[in-house]
Each structure stands twice: as C-alpha cells, then as structure tokens.
Amino acid sequence: MNTEETGFDAVILGGGPAGSTAATILASSGARVLVLERDHFPRFHIGESLLPATVSIFDRLGVHEQIRERFILKPGGKWLYGEKEVPGDFSRSDRLATFKDHPYSYLVERSEFDDILIKRSVAAGADVRFGCEAVDLVKEGDRVVGVQYTDEQKKRHEVRGRIVIDASGLRSFIPSRLKLRKLTEPHRMGIYAQYAARPTRDDIKEGWFIGQMFYDGWTWLLRLPEDRFSVGTVLTVDRFKRSGHSPESLLEKLVQENPLLREGMTHARKRISDVMVTGNMGNSSEQLAGEGWVAVGDAAYFIDPCYSSGVHLAMKSGAEVADLVLSQQGTLNPQLFDGYQRAMRQHEKTVHRMVDAFYVASRNTSVQKMVTTMQGGYFTRKFVTFVGGDFDRNAGYISRVRMYSKVAASLFGNDSQRAPENDPEYLWDSADISSDDQGVEDFAA
Ligand SMILES: Cc1cc2nc3c(=O)[nH]c(=O)nc-3n(C[C@H](O)[C@H](O)[C@H](O)COP(=O)(O)OP(=O)(O)OC[C@H]3O[C@@H](n4cnc5c(N)ncnc54)[C@H](O)[C@@H]3O)c2cc1C
C-alpha cells in the first residue's frame, strides 16, 4: 500500500451530480470530505434534460446563476404520439407542486454541468481527486470502513472514513461488490450521439425536450448550446439484436427516417461525436445502505430515462444523505438510513409505475387515444407535477393512470400486429393514433 489515510467524515466514490451534491453540502458544513473520481473532468456524460424540481437544489448549492447563464432554459417536455402531442408545460402544474414558483429547468451539456458542480465541491472545501478509481472495499467484520483506490500511476492507496457514499453511477460499486445488484426486466438500452444542426421546430428552438414514442421504445431530440443536438433512442436489447443494425447504422437510419429526428433538425447536419451505447439500463440494489455505506443516484438504482428523472434523483438523494450524515456525530448508527431507504424505494416504485404505463401506451393505440383525450384539467396538472420531478407525491394519480392504461390495454390488446417480430423497419414506426394505418405508413416511408 502506498498511503493510508484516515479521519474523513465521508469518502465519496464518484464526482457526478450525486457525489458532488453530497460533497458540497457536507464540506460546506465543515465535514472532512474526500471524493474519488475515476475520470478527469470535463468528460462526456449522457442525461442533459433536467427537471424543475431540481432547481431548488441548484439554489441550495449556489450554482444556479452559472447554470442559468450557460445553458438553455427548458419550459417543458413534449411527447409525440404519432400525429398528436402530449405537452408537459411546467407552468401547468398543480398549485402544490414544489416548483410552482420556478416552472422551468434547463437543457445542459453534462460535461460542463458536472464540472460546475464538482468545482463547487472543491470551493466548499472537499478534497477531490481525479483519475482515482475505487477498486476494493476495506471492511472490519461486516462494516465498510473505507476503500482502496488506484491513482493514475496505478499505485494503490487506502482511505477510511465514517461513511462511504457510493455515487459511482451505473457501476454501482458497493452493491456490485456486495452482490446486492440485480438487473430489472425487460433489458433496454440507449443509443445516442451529438449532431451539429439548426433546430427547425419552434418548440425545439424554445428549449422543449421532445420525445417520440414507437412500439416499445422512443427517440429524443434536444437542443444543446452552440447549434448542437443530443439525439438518441431507447429500445429493448432484444429488438436491437433482431434489427441486424450496428448502433451507428441504427442511429443514422433513425436520423434519416424517424419523423422527429428527420424533421426536427435542418437536413444539413453532421454527427460530431461517436455513437455511444448504454446497455442494461434497468438495475437496482437489494439494499441501498448498510453498515458504513450508503448508495446515492444511479449507484442505488437506475430507471428508464423516459421521464428524465435520473439527475434529479441523483442530486436529491445526494443532498438527503449529506443531511443525514451531518445529523449524527461519531460512528453512524446503522438505522440512520432506514427512512432514506424507504423514501428511495417509494420513488423507485412510483417512477417504475409511470414508466410501465408509458410503455403500455407505446404498444397500444387505444391507450394513446385515451391519454391524448385526457389532456387538460386534473390529468394535465398531475402529469406536469409528476414529470416536473415531484415523484413522491400524486400516488393516487399514478395508480389511476396505470390502472386505466392496463384496463384499456387488456380490453383492446397490444398492437402486436403492428410489431412484426422480424421487421427492423418497425423500429421507428409509432403506433398510429388515427383510425387507419396511415400514420404507420407515413413513418415508414
Ligand atoms: C440513454 C440515457 C439517457 C438519459 N437521459 C437523461 C435525461 O435526459 N435526464 C436525466 O436527468 N437523466 C438522464 N439519464 C440518467 C442520468 O445519466 C443519470 O441518472 C445521472 O447521470 C446519475 O448521476 P450520478 O451522479 O448518480 O452518476 P454519474 O453521473 O454516472 O456519475 C458517476 C461518476 O462515478 C465515477 N465512477 C464510477 N466508478 C468509479 C469508481 N470505481 N471509482 C471512482 N469513480 C467512479 C464515474 O466516472 C462518474 O463520473 C439518462 C441515462 C441514459 C442511459
């Protein structure tokens, strides 16, 4: 071992939004905080569409001004169901929404956004070490008391602290080591890249996130600063394999043929990044905390990003855990995180239910009709409050949406005849919401 250091209040694994939020709050209160980050910042990360419920965390961290100056204001998100739209305008939330006074969020370049957040942690007094990867847990009996990490020269070091906060994202370092991590079904994947182009639709110019459903999947298009776009798709791993495409050829084909991607950007467009893939997007951990450790953000669980919930849950969980750690002196009581785990499980369940309803709708034109006719009034207010990031409220609404979706789907069946098992073209067809097959043909043309 090259060095051994002790006496940290918190050792945080990962400097993404979850880790940096926890680090800033802890260090601002005088705690001794170490952040180990495998990469060097700024570095690319997916997850650019943010929610209004997160804005109050920006204020708390003191980074809101920088974010406002640098990124694109996002007034809402919009889903295209064939020809129809389901808009989620953040100003139309219910009166109890936590973001009622700031009904907007931002579309951000994550490399820069994450850099702003981690610099804030450094300014607050956290010791942030880039190029340092946690490689092993240090335990005393069952209690996690620290980690071993390698630096850039691959030298091994050991650090110990009162708590190890796992903010390592999808790697989910501690749950993986403790064999607590499990994949959730069905396996979906994301394929994405950045393009240089100009926006053609007014809503995209205005900063709206736009998604388009297709059978059991979706595409997204969102504007980034300097005439760039984040473009991507989420689909089942199974369907991707059956398509016979590589990630590159699939994304290029979508950009040429998917109505949203084809028409939302100028035709003079150029891919300016590699095509990137995130596989096995659903996972969770049997435990979110144990003796001497706690998981935040994606390290706790990852849910399909169709509601852009990831960064919000990452920052919210990072802040909650930091507050809990600050609430106790000395060795942390193992029960300290019981309430946190219960609340996180509730979030997980609620968002999963809405994701489930989303995919039921993607497979079923009757459900799509139901959703598009339910616009306005109670359902819109509740939907906007949910998609704005108030996931832990509106449980009644979410149960109703899910129940109506399932009832409609069981009454009318899935549009399975529209999803020929081996037809790759079907990837970018949206189930048609009109009474005939016209919409499907339009999209495939
Ligand atoms: C296709 C796709 C689209 C998405 N779209 C959105 C969206 O529009 N909006 C949204 O809010 N979310 C979106 N997400 C989710 C979002 O990317 C994540 O939820 C968010 O980044 C989680 O933040 P985090 O801090 O938990 O993890 P991360 O941001 O992943 O940060 C984890 C950090 O830990 C570091 N690390 C990993 N292992 C180690 C180790 N052993 N030692 C030290 N450091 C380590 C990594 O280098 C990384 O910097 C999307 C995700 C996908 C896959």
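The residues of the chain are indexed from 1 along the displayed sequence. All ligand and atom numbering here is 1-based and tracks the order in the structure. Just so it is clear, the model here is predicted, and its values are computed rather than measured.
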Under 6.0 Å between ring centres: does that hold for Tyr106 and His64? yes
List ligand 1 atoms under 4.0 Å from Ala167, heavy atoms only on the residue side. 32 (C), 33 (C), 34 (O)
Sole residue of Arg188, Arg239, Arg242 in salt bridge (charged side-chain N to carboxylate O under 4.0 Å, His left out) with Asp216: Arg188
Taking N or O atoms only and a 3.5 Å limit, does Arg38 qualify as a polar contact for ligand 1? yes
Enumerated ligand 1 atoms positioned under 4.0 Å from heavy atoms of Cys132: 43 (C)
Closest protein heavy atom (residue, atom, distance) for atom 34 (O) of ligand 1: Gly14 CA, 3.3 Å
Do Thr54 and Lys316 have side-chain N/O donor and acceptor atoms under 3.5 Å apart? no
for atom 23 (O) of ligand 1, nearest protein heavy atom and its distance come out as Ala314 CB, 3.6 Å
Nearest protein heavy atom with distance in Å, relative to atom 38 (N) of ligand 1: Ser168 CB, 3.6 Å
Glu348 and Ser284 side chains, donor-acceptor separation under 3.5 Å: yes
Would a line drawn from the ring center of Phe58 to the ring center of Phe113 be shorter than 6.0 Å? yes
Taking distance alone, with no angle check, do Trp220 and ligand 1 share an N/O pair under 3.5 Å? no
Look at atom NZ of Lys119 and say whether more than 12 heavy atoms of other residues, nucleotides or ligands are closer to it than 6.0 Å. no
So among Arg156, Glu133, Arg129, Glu158, which one has a side chain to side chain donor-acceptor pair (under 3.5 Å) with Tyr149? Arg129
Output yes when the distance from some N or O of ligand 1 to some N or O of Ser309 is under 3.5 Å, and no in every other case. no
Write down the atom of Ala126, the atom of Ala23, and the distance for their closest heavy-atom approach. CB-CB, 4.3 Å
shortest atom 28 (P) of ligand 1-to-protein heavy-atom contact is with His45 NE2, 3.4 Å
Any idea which protein heavy atom is nearest atom 17 (O) of ligand 1, and the distance to it? Ile46 O, 2.9 Å
Verdict with supporting geometry, Ser317 and Tyr340, side-chain contact (heavy atoms from CB on, under 4.5 Å): CA-CA 8 Å; Ser317 58; Tyr340 165 76; 3.4 Å; yes
Do Thr219 and Thr233 have a side chain donor and acceptor closer than 3.5 Å? no
Answer yes or no: does an N/O atom from Ser49 fall short of 3.5 Å to an N/O atom of ligand 1? yes
What protein heavy atom lies closest to atom 6 (C) of ligand 1? Include the residue and the distance to one decimal. Gly47 CA, 3.2 Å
Min N/O separation Val311 to ligand 1 under 3.5 Å: yes
Test your reading of the structure: does Gly190 have an N or O sitting under 3.5 Å from an N or O of ligand 1? no
Which heavy atom of the protein is the closest neighbour of atom 50 (C) of ligand 1, given with residue, atom name and distance? Pro305 CB, 3.6 Å
Any N or O on Pro17 sitting closer than 3.5 Å to an N or O of ligand 1? yes
Give me the nearest non-hydrogen protein atom to atom 47 (O) of ligand 1 as residue plus atom name, then the distance to 0.1 Å. Glu37 OE2, 2.6 Å
Pair Ser308, Ser49: side-chain N/O donor-acceptor within cut-off below 3.5 Å: yes
When only distance counts, is Thr278 in polar contact with ligand 1, meaning an N/O pair under 3.5 Å? no
Check contact between Arg110 and ligand 1, using heavy atoms of the residue and a distance below 4.0 angstrom. yes
Phe302 neighbourhood, listing ligand 1 atoms whose heavy-atom distance to it stays under 4.0 Å: 15 (C), 51 (C), 52 (C), 53 (C)
Within-cut-off N or O pair, Ala18 and ligand 1, under 3.5 Å: yes
Short N or O distance, Ala134 and ligand 1, threshold 3.5 Å exclusive: yes
Per the salt bridge (Lys or Arg N to Asp or Glu O under 4.0 Å) rule, what does the pair list look like for residues 277-301, sequence neighbours excluded? Arg143-Glu291
May I ask you to list the atoms of ligand 1 that are less than 4.0 angstrom from any heavy atom of Tyr192? 1 (C)
Using the ring centroid of each side chain, check whether Phe386 and Tyr307 are separated by less than 6.0 Å. yes
